[in-house]
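Here the structure is laid out as structure tokens; the discussion comes afterwards.
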Amino acid sequence: MNQLLAGLITGVLFGFLLQKSRVIRYDKQLGALRLQDMTIVKFMVASVLVGMIGVYLLQDLGLAKLSIKSTILGGNIIGGLIFGLGWGLIGYCPGTSMGALGEGRWDAIWGITGMLAGAALYAETYPLMKNTVLTWGDLGKITIPQLLGINHWPVIIVFIAVAILLLRWFEKKGL
Amino acid sequence: MKMEQGQWNPYVAGALSGLVIVGSVWLTGKFAGASTSFVRSAGMIEQFFSPERVSQMEYFLKEKPIVEWQWMFVLGIMIGSLVAALTSGSFKSQAVPDMWQAKFGPSVSKRGLVAFGGGLIAMYGARLADG
């Protein structure tokens, strides 16, 4: 299939589910950051669990290859902290800002414009970052099973168990 | 957690979204993401004004200003959300989110300014973390 058409269809399905479960709302995103409403965390955990099992199955069957990004502690930690600060202000992440716009929440337009400005700014400063922050703690393309030197399925099972405990706790607390 | 009328259970919708991702990896080998597309779009806009400058910038050589799989995926998110909202009567033109208004008032420009600044900061961090 045409790559562009495949991307569009995948996005439409994904956006449909994001809207149906209301996870693209500012109120839901801030609700999670304020530890009052874990709807988006539930969505993400469910998505990650299914995705993790499915993608590793595909890999074991030789039907797909993992796409592993480099772990660079400097970039991941500092970038993550900066992202969190911005996320708390805008109340949308890059993907959900588009979904929010789709359901009429047009304050997302200012956010999307800001994101384009942020991307442009990053492009300007990339040579500087590449020689500083992105050299700090570069561990390469590592995975947890690799670090532990074991097969991925025990790690996946532990991950599922921890996720279920977390979700049960959310339900018990009414979050 | 309050459930709104017509809202799908987050576990069900999340699991289905996981299946969508697995299907995509299976059929096209593509993993979902969003923030790279903002880089490509910024490059396309800059290209309009100064194509030579963009063609020499290291980051735009790495993330080329073109429309590819992920760019269409991000566009699709907006369309999918629009379809879901229109077919369920939950489309709502709103300039200031409810929770924001309860805390900071109804000013559209105040919300717009913070959303712009927040978006700028969030995207810079997302790119630095490469995700």
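Within every chain, numbering begins at 1; the chains are lettered A, B, ... in the order of the sequence lines, protein sequences first and strands thereafter. Keep in mind that this is a model prediction, so the values were computed, not measured. Just the heavy atoms: all of them, side chains too, but no hydrogens, waters or symmetry mates, feed the values below.
Between P97(B) and R25(A), every side-chain heavy-atom pair lies at or beyond the 4.5 Å cut-off. Residues T10(A) and W69(B) form a side-chain contact, since some pair of their non-hydrogen atoms from C-beta on lies under 4.5 Å apart. Counting heavy atoms from C-beta outward, D107(A) and Q94(B) have side chains that stay 4.5 Å or more apart. Side-chain atoms of L8(A) and I79(B), non-hydrogen and from C-beta on, do get closer than 4.5 Å to each other. Contact check for K92(B) versus R105(A): side-chain heavy atoms found under the 4.5 Å cut-off. Side chains of F83(A) and S35(B) form no contact here, defined as non-hydrogen atoms less than 4.5 Å apart. For the pair Y124(B) and L85(A), the minimum side-chain heavy-atom distance is 4.5 Å or more.
Contacts with chain A were tallied for S90(B), G131(B), G117(B), G43(B); S90(B) has the most, counting heavy-atom pairs under 4.5 Å. With chain B as partner, the option from L49(A), N76(A), V45(A), L58(A) having the largest number of non-hydrogen pairs under 4.5 angstrom is L58(A). If you tally non-hydrogen atom pairs under 4.5 Å between each of D27(A), V50(A), I82(A) and chain B, the highest count goes to D27(A). Residue with the most contacts toward chain A among G6(B), A34(B), A15(B): A15(B) (heavy-atom pairs, distance under 4.5 Å).
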Salt bridge (Lys or Arg N to Asp or Glu O under 4.0 Å) for K28(A) and E4(B)? Distances and angles first, verdict last. CA-CA 12 Å; K28(A) 291 286 177 198; E4(B) 187 183 311; over 6 Å; no
Intermediate values then yes/no, side-chain contact (heavy atoms from CB on, under 4.5 Å), F43(A) and W8(B): CA-CA 10 Å; F43(A) 182 99; W8(B) 286 15; over 6 Å; no
From CA spacing to verdict: side-chain contact (heavy atoms from CB on, under 4.5 Å), Q3(A), K30(B): CA-CA 9 Å; Q3(A) 291 266 307; K30(B) 296 287 183 187; 2.8 Å; yes
Mind running side-chain contact (heavy atoms from CB on, under 4.5 Å) on L16(B) and F16(A) for me, showing each step along the way? CA-CA 11 Å; L16(B) 287 173; F16(A) 187 89; over 6 Å; no
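Residue F38(B) touches chain A through both its backbone and its side chain, counting heavy-atom pairs closer than 4.5 Å. For Y11(B), the parts lying near chain A are the backbone and the side chain together; criterion is any non-hydrogen pair under 4.5 Å. At a 4.5 Å heavy-atom cutoff, Q70(B) makes no contact with chain A through either its backbone or its side chain. Neither the backbone nor the side chain of W71(B) comes within contact range of chain A, judged by heavy atoms closer than 4.5 Å. With a 4.5 Å cut-off on non-hydrogen atoms, I45(B) touches chain A through its side chain but not through its backbone.
Atom CD1 of I21(B) and atom CG of L13(A) lie 9.5 Å apart (nearest 0.5 Å).
When all heavy atoms of S21(A) and Q7(B) are compared, the pair lying nearest together is O-NE2, 3.5 Å. Considering every non-hydrogen atom in both A84(B) and Q19(A), the closest pair reads CB-OE1, 3.3 Å.
Against chain B, the residues from residues 112-148 of chain A that qualify, each with a non-hydrogen atom under 4.5 angstrom away, are I112(A), T113(A), G114(A), M115(A), L116(A), A117(A), G118(A), A119(A), A120(A), L121(A), Y122(A), A123(A), E124(A), T125(A), Y126(A), P127(A), M129(A), K130(A), V133(A), L134(A) in number order.
Evaluated for a side-chain contact (heavy atoms from CB on, under 4.5 Å) with L17(A), the options V12(B), V20(B), L19(B) yield exactly one hit, V20(B).
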